[in-house]
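Atoms within a ligand are numbered from 1 in the order they appear, just like the ligands themselves.
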Amino acid sequence: MIELIQCKTDIGRKLESYKDFLPVDYRSCFKHGRILKGKKIMHVNATHKGGGVAELLATQISLERSMGIDSRWFVMDAPDTFFRVTKKIHNMTQGLPGRLTMKEALTYLDTNQELSLPFLQILNTVKPDLVVIHDPQPMPLVKYVPAGIKTILRLHIDFSEPNPRITKFLTPFLSNYSRIIISSKNYIPELPKNVQKRTTVIMPGIDPLSEKNRPMAREKARIITKQLGIDPDRPIVLQVSRFDPWKDPLGVIEAYSMAKLEIQNLQLVLAGIIQAKDDPGARLILEKVKKRAGTDPDIFLFWDQSQINSNSVDCFVSAILTASTVVIQKSIKEGFGLTITEAMWKGKPVIGGNASGVRLQIINNRNGMIVSNTLMAAKAIIKLVRNPKLRNKLGKAARLSVQKRFLQPKYLLENLKVYKQVL
Ligand code: UDP
């Protein structure tokens, strides 16, 4: 069954609660929000759990609603065959070589055509002023939006080196949107010429009030990590990420194994709780990761909620982040990478792969470290584990840069400005 399902939007966020984070943006949000009061905005994406998009939308929509904007959130319900194709499209937009087969192209287009029926029904009932479509999965829906309703495409992916075949395939849809929002100006030249002028860059932001991003007492984090079998008294390298080739979990294990030759008591935690339904390939990668991890008792893999006792995923992530010595995000491609922001906000030194989204956040040796290969990653791990002063310095700078640039009130403000312009 192909459906659009309305998600619960009210996670109880109020703009007033963000007063202490970025007071200037807080006031501007109210100014811009007043003009948008009563407007109906419909967000559509592929999943309401798992991954950065769902994470962003939960807070963004709750905040929009708290300002009197009638924002609603709909997610697609479609079979795995569809999500396997959209995963390939996603991978091709991030540069995977190859081409879509005719069958895959038809699965994508036909599913969206089927989806257009519930979509049009919702449009008729809700009568939105603006439809915001997130990422390629529901991108073709733009074709079914009646004239008079404005549309925004929010692309969260790394579009720095897309496979030209996929850009060509998606161009008829991209061209139909009133506005496109991306995370980095580096992606603009890769978009079709006719949409470049209608493109705005907005960098994402994390929610400082969510359970994951609120500070956790070290002692509580120690207890939780201990219960998970990890020794909080020994160094911990952590990557929090979906099991996905672009996040390079195999490269992380390799870097850890090299570093372990020097630091024998090193532990590695890979946390990728599988929640997103638009990521059917995750289990396949997980099997490869398990194989590579072998029987090393110091490698801890988390992929299922049943492994984290009764903790919520957010509480689990917060605990292992707090307890970790060094965080790594060895991405090969990264649209932005909220996991990096979350770790930096916890004041952790982050080692990031040399990908677009990582470079938006980390300045090498100033607020983290950027590495281009496994050997560099291993050396960075060794350097940081051995040097608490450096960890402290980078971690402090990291937290400050998130405070200045990557918190939700700022993200919300930038979006409100675009809504105003488009409407
Ligand atoms: N997350 C995760 N793995 C987990 C639990 C949570 O990746 O085991 C969260 C993570 O904390 C972050 C989001 O999922 O908020 C991932 O967002 P990001 O932008 O880093 O990557 P994406 O998955 O969207 O490519």
Side-chain angles (χ1 to χ4, degrees), residues 11 45-60 86-87 90-91 93-94 134-137 154-159 182-184 202-214 216 224 228 238-249 252 269-279 281-283 285-286 289 300-308 311-322 324 327-346 348 350 352-353 355-358 360-362 402 406-408 411:
I11 56 164
N45 80 312
T47 177
H48 97 288
K49 261 202 164 40
V53 182
E55 184 79 23
L56 270 175
L57 280 174
T59 305
Q60 182 189 348
T86 55
K87 188 72 192 178
H90 170 98
N91 288 341
T93 59
Q94 298 211 134
H134 296 259
D135 278 348
Q137 299 94 334
R154 204 329 171 179
L155 276 181
H156 298 269
I157 42 198
D158 182 338
F159 209 70
I182 51 178
S183 298
S184 165
I202 302 181
M203 284 187 281
I206 56 164
D207 182 349
L209 299 182
S210 73
E211 184 179 15
K212 179 165 39 184
N213 296 319
R214 280 196 305 262
M216 181 182 272
I224 295 175
L228 297 170
L238 164 70
Q239 175 157 298
V240 179
S241 264
R242 291 178 295 110
F243 289 102
D244 181 307
W246 300 119
K247 312 282 185 186
D248 198 17
V252 175
V269 179
L270 291 178
I273 307 290
I274 298 172
Q275 291 180 290
K277 65 177 190 304
D278 64 337
D279 193 10
R283 293 202 177 266
I285 310 298
L286 172 65
V289 170
F300 299 87
L301 305 179
F302 295 95
W303 66 89
D304 194 274
Q305 231 156 321
S306 63
Q307 295 176 284
I308 57 173
N311 300 301
S312 67
V313 174
D314 273 12
C315 171
F316 158 70
V317 173
S318 182
I320 46 172
L321 274 173
T322 307
S324 66
V327 175
I328 186 161
Q329 186 59 56
K330 206 186 162 302
S331 301
I332 297 160
K333 296 279 177 180
E334 193 61 77
F336 184 73
L338 288 179
T339 51
I340 299 167
T341 333
E342 289 159 1
M344 290 170 79
W345 182 239
K346 285 261 191 280
K348 294 291 162 178
V350 183
S356 290
V358 179
L360 293 173
Q361 304 186 64
I362 299 182
V402 175
F406 305 126
L407 291 183
Q408 262 280 355
Y411 182 66

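With Ser183 as the partner, the side chain to side chain donor-acceptor pair (under 3.5 Å) test is satisfied by one option alone out of His156, Arg154, Glu334: Arg154.
Remark: minimum distance from atom 15 (O) of ligand 1 to any protein heavy atom is reached at Glu342 OE2, 2.6 Å. At the top of the distance list for atom 23 (O) of ligand 1, counting protein heavy atoms only, stands Arg242 NE, 2.6 Å. Of the protein's non-hydrogen atoms, the one nearest atom 2 (C) of ligand 1 is Val240 CG1, 3.7 Å. Gly52 N, 2.7 Å is the protein heavy atom nearest to atom 24 (O) of ligand 1. With respect to atom 18 (P) of ligand 1, the closest heavy atom belonging to the protein is Leu338 N, 3.5 Å. Taking atom 14 (O) of ligand 1 as the reference point, the nearest protein heavy-atom neighbour is Gly51 N, 3.7 Å. Scanning the protein for heavy atoms near atom 9 (C) of ligand 1, the closest one is Lys212 NZ, 3.7 Å. Of the protein's heavy atoms, Lys247 NZ, 3.2 Å lies nearest to atom 21 (O) of ligand 1.
Atoms of ligand 1 lying under 4.0 Å from any heavy atom of Gly272, numbered from 1 in the order shown and given with element: 8 (O). Within the listing of ligand 1, atoms 3 (N), 4 (C), 8 (O) sit less than 4.0 angstrom from a heavy atom of Ala271. Ligand-side atoms of ligand 1 in range of Gly337: 19 (O), 20 (O), range being under 4.0 angstrom from any heavy atom. Heavy-atom contacts of Ile273 reach the following atoms of ligand 1: 4 (C), 8 (O) (cutoff under 4.0 Å).
In this structure, His156 has no heavy atom closer than 4.0 Å to ligand 1.
Checking Arg242 against Thr339 by side-chain atom types alone, no donor-acceptor pair falls below 3.5 Å. Checked by atom type, the side-chain pair Trp246/Asp158 shows no donor-acceptor distance below 3.5 Å. Counting only N and O atoms by type, the side chains of Ser318 and Lys346 include a donor and acceptor under 3.5 Å apart. Checked by atom type, the side-chain pair Ser312/Asp314 shows no donor-acceptor distance below 3.5 Å.
Listed by chain and number, the residues in a side chain to side chain donor-acceptor pair (under 3.5 Å) with Asp248 are Lys330 (sequence neighbours excluded).
With a 4.0 Å cut-off on non-hydrogen atoms, Val317 touches ligand 1 through its side chain and not its backbone. Counting heavy atoms closer than 4.0 Å to ligand 1, residue Asp244 contributes nothing at all. Neither the backbone nor the side chain of Gln329 has a heavy atom within less than 4.0 Å of ligand 1.
Of the polar atoms of Gln275, none of the N or O atoms is found under 3.5 Å from an N or O of ligand 1, judged by distance alone.
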For Asp244 and Lys87, what are the C-alpha separation, side-chain angles and deciding distance, and is it a salt bridge (charged side-chain N to carboxylate O under 4.0 Å, His left out)?
CA-CA 10 Å; Asp244 181 307; Lys87 188 72 192 178; 2.9 Å; yes
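The closest side-chain heavy-atom distance from Pro204 to Glu55 is not below 4.5 Å. Side chains of Tyr411 and Thr59 form no contact here, defined as non-hydrogen atoms less than 4.5 Å apart. Residues Gln239 and Val327 have side chains not in contact (no heavy-atom distance under 4.5 Å, counting atoms from C-beta outward).
For Phe302 and Phe316, the ring centers are positioned less than 6.0 Å apart.
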